[in-house]
Every structure is written in C-alpha cells, then in structure tokens.
Amino acid sequence: MMTSLPPRLAVFDMDGTLIDSLPDLAACANRLLAHYGLPSIATEQVRPMIGDGVAMLVSRLLVHAGSAATGIDAAEATRRYMADYTPHSTDLSRPFPGTIGMLEDLRATGWQMAVCTNKPVAAARHILQVLDLEKWFVAVGGGDSFSVRKPDPRHLLGTIEMAHGSPTRAIMTGDHHNDMATAIGAHVPAIFARWGYGRPEMEAGATVGADSISEIPHLAAELVPA
C-alpha cells in the first residue's frame, strides 16, 4: 500500500524577505530616539540592525547613539519601541514587488506556505492581516512562539510542525544569516533572498541564492520535487 507524502512546505522569513518593512522600523526607531532626546538615524543605517528581533534592534540603536544613551534602560526602551511600532507597523511597509505572484505560483503547484520570523507573533500576524497576506500561510512561527528563535533550528522545526509539514519536504527562504543557520541546523534547504536587507556574506551556507522573489517557485521545485 502506498503512503502519501506530506505536502511540500515553503517557509519564509518576513522582514526583508516577504515584506519591505524597513521604512516603518526606521520611523519607529527615530521616534524612540527622539523620546530620549537622542539624534536621529538614517534609514539605511537601520537596515543592518534588522533580523535579530526587537530587543537587539533597540540595543543596537542605543549603541549607535553612543555615550548620550548611557543610563537608558534597554528593556524599557524595547517595550516603548514595541508599543509604538505595533500600531504603526503597516504605515509604510508593503510586500516586495512580485510577492503575491510568487505565492500564487507556489500554491498552484501544490505548495503550502508558512512564516518563521523573529518578530513577536502578534505583531507578525497583525502585519500579515493588514497587508492581506495572512490567507496564504498555514502557520506563523514568531520570535515568541517557542522557547527558542532563529538561528536555533528548533524555531524552524517548530514552525514546520505547526504547519503539519516535514523537514524532508520543506525549504526555508530568508535574507539573514539567522535564516541560513536555522535551515542548516534543521537540515532543510535554504534559499538566500538577495533582494533583502542581509549583507552578501550572509549568504554563506545557503543551498542557493535568488536575485528576485519571482525565482522562488522554480528554485523550490528543483530543491523539493513533487
């Protein structure tokens, strides 16, 4: 008797992979800095600070501010950032061009999709809902969904389990070394999103790199044939 294989599952990072969220992250960063009387920061300076979660982003903002930020409680600043960011997280953020077409192509060929992000899951779901993307994903594994998060492979494995998938039938796409590391640790093929926020050296360890989001359906089919 033949047993059916689990559906193929395409897992995506969020910021810098599916969604261009840099404008809102930078705007919130500048409102936080202004609250503490610190100088503003350019959007392009915020770009490399993204990918390790909100607490690390805020910590990097305070380090960037230098001695003027000495004495600021990082935990309080992180709470303040999140309280401001959540209601403004979709003011300027948009899916990268080609995202919807890519998701349509994957679904048409039998793939299911999930999100694995270090962003808190409530914020991630809010953004996906407002941008009309939530309907595409069978699971969302946020930075607080498990006891670990990327680059720990258990974050990706937990997301795959939430989606009722199998690591042997899954791929991971992301723009950060955390995405590559979690995929390597989980023994899941990794596609590096060159259009995102990650530096070129973060592609190290990727199974393959993609210059455009429109390449994902073709690459996915090569990595996990039907």
Side-chain angles (χ1 to χ4, degrees), residues 5-22 47-48 50-53 94-119 124 128 133 136-143 148-226:
L5 292 170
R8 293 181 294 176
L9 178 69
V11 184
F12 294 91
D13 171 50
M14 200 162 141
D15 297 323
T17 300
L18 292 172
I19 296 168
D20 184 9
S21 53
L22 177 60
R47 181 188 296 266
I50 299 170
D52 293 300
R94 297 292 182 269
F96 280 105
T99 296
I100 301 302
M102 178 271 296
L103 295 171
E104 289 174 340
D105 289 347
L106 284 174
R107 178 172 286 180
T109 50
W111 286 82
Q112 292 189 341
M113 285 81 78
V115 168
C116 181
T117 175
N118 278 344
K119 189 185 294 295
L128 292 170
L133 292 175
W136 294 101
F137 302 104
V138 296
V140 179
V148 296
R149 63 183 183 183
K150 298 182 294 186
D152 193 303
R154 289 174 291 175
H155 188 176
L156 175 56
L157 292 171
T159 302
I160 292 170
E161 185 177 357
M162 284 174 58
H164 303 291
S166 167
T168 62
R169 300 274 290 167
I171 62 169
M172 175 72 199
T173 299
D175 70 316
H176 196 271
H177 65 78
N178 283 340
D179 302 307
M180 302 303 99
T182 195
I184 292 167
H187 304 289
V188 169
I191 301 175
F192 185 75
R194 293 173 180 155
W195 64 86
Y197 305 150
R199 300 182 299 276
E201 62 267 25
M202 290 186 177
E203 189 171 335
T207 311
V208 66
D211 293 313
S212 165
I213 201 167
S214 62
E215 297 174 34
I216 298 302
H218 171 72
L219 294 173
E222 288 190 336
L223 293 171
V224 185

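Scope of the values below: all heavy atoms of this structure, side chains included, with no hydrogens, waters or symmetry mates.
Side chains of Thr159 and Val115 form no contact here, defined as non-hydrogen atoms less than 4.5 Å apart. Phe96 is not listed as a side-chain neighbour of Met102, based on a closest heavy-atom distance of 4.5 Å or more. Proximity of Met180 to Met202: side-chain heavy atoms (C-beta onward) are nowhere separated by under 4.5 Å. Between Thr173 and Met113 there is no side-chain heavy-atom pair separated by less than 4.5 Å.
Residue pairs meeting the salt bridge (charged side-chain N to carboxylate O under 4.0 Å, His left out) criterion with at least one member in residues 161-179, sequence neighbours excluded, are Lys150-Asp179. Applying the side chain to side chain donor-acceptor pair (under 3.5 Å) test to residues at least two apart or on different chains, the pairs with a partner in residues 214-226 are Ser212-Ser214, His218-Glu222. Within the structure, ring-ring contact (aromatic ring centres under 6.0 Å, His included) contacts touching residues 152-178 (residues at least two apart or in different chains) are Phe146-His155.
For Asn178 against Gly51, the heavy-atom pair with the smallest separation is ND2-O, 3.1 Å. Closest approach of Trp195 to Thr17, counting heavy atoms only: NE1-O, 3.0 Å. Taking all atoms of both residues into account, the shortest heavy-atom contact from Leu156 to Thr182 is CB-OG1, 3.5 Å. Nearest heavy-atom pair, Ile171 versus Trp111, reported as atom, atom and distance to 0.1 Å: CG1-CZ3, 4.1 Å. Between Leu133 and Pro95, the shortest heavy-atom contact is CD1-CG, 4.0 Å. Here the closest heavy-atom approach between residue Ser21 and residue Gly16 is recorded as OG-N, 4.5 Å.
In this structure, CG in Leu219 is found 10.5 Å from OG1 in Thr207, a value given to the nearest 0.5 Å. Atom CG of Asp15 is separated from atom CG of Leu22 by 9.5 Å, given to the nearest 0.5 angstrom.
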Full working for side-chain contact (heavy atoms from CB on, under 4.5 Å) between Leu128 and Met14: CA-CA 9 Å; Leu128 292 170; Met14 200 162 141; 4.2 Å; yes

Worked check of side-chain contact (heavy atoms from CB on, under 4.5 Å) between Met172 and Asp13: CA-CA 8 Å; Met172 175 72 199; Asp13 171 50; 4.1 Å; yes

Checking side-chain contact (heavy atoms from CB on, under 4.5 Å) for the pair Thr99/Phe12: CA distance, chi angles, key distance, verdict? CA-CA 11 Å; Thr99 296; Phe12 294 91; over 6 Å; no

Run the side-chain contact (heavy atoms from CB on, under 4.5 Å) check on Phe137 and Val11 step by step: do they pass? CA-CA 9 Å; Phe137 302 104; Val11 184; over 6 Å; no

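Of the possible polar contacts, one joining the Arg8 side chain to the Thr109 backbone as a donor-acceptor pair under 3.5 Å is found. Side chain of Tyr197 to backbone of Ile50: no donor-acceptor contact under 3.5 angstrom is found.
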Could you pull out all donor-acceptor pairs under 3.5 Å where a side-chain atom in residues 183-192 meets a protein atom, sequence neighbours excluded?
none

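Applying the salt bridge (Lys or Arg N to Asp or Glu O under 4.0 Å) criterion to Arg47, with sequence neighbours excluded, gives Glu44. For Arg94, there are no salt bridge (Lys or Arg N to Asp or Glu O under 4.0 Å) partners, not counting sequence neighbours.
Crowding of Arg154 atom CZ: a count of heavy atoms from other residues, nucleotides or ligands under 6.0 Å not exceeding 12.
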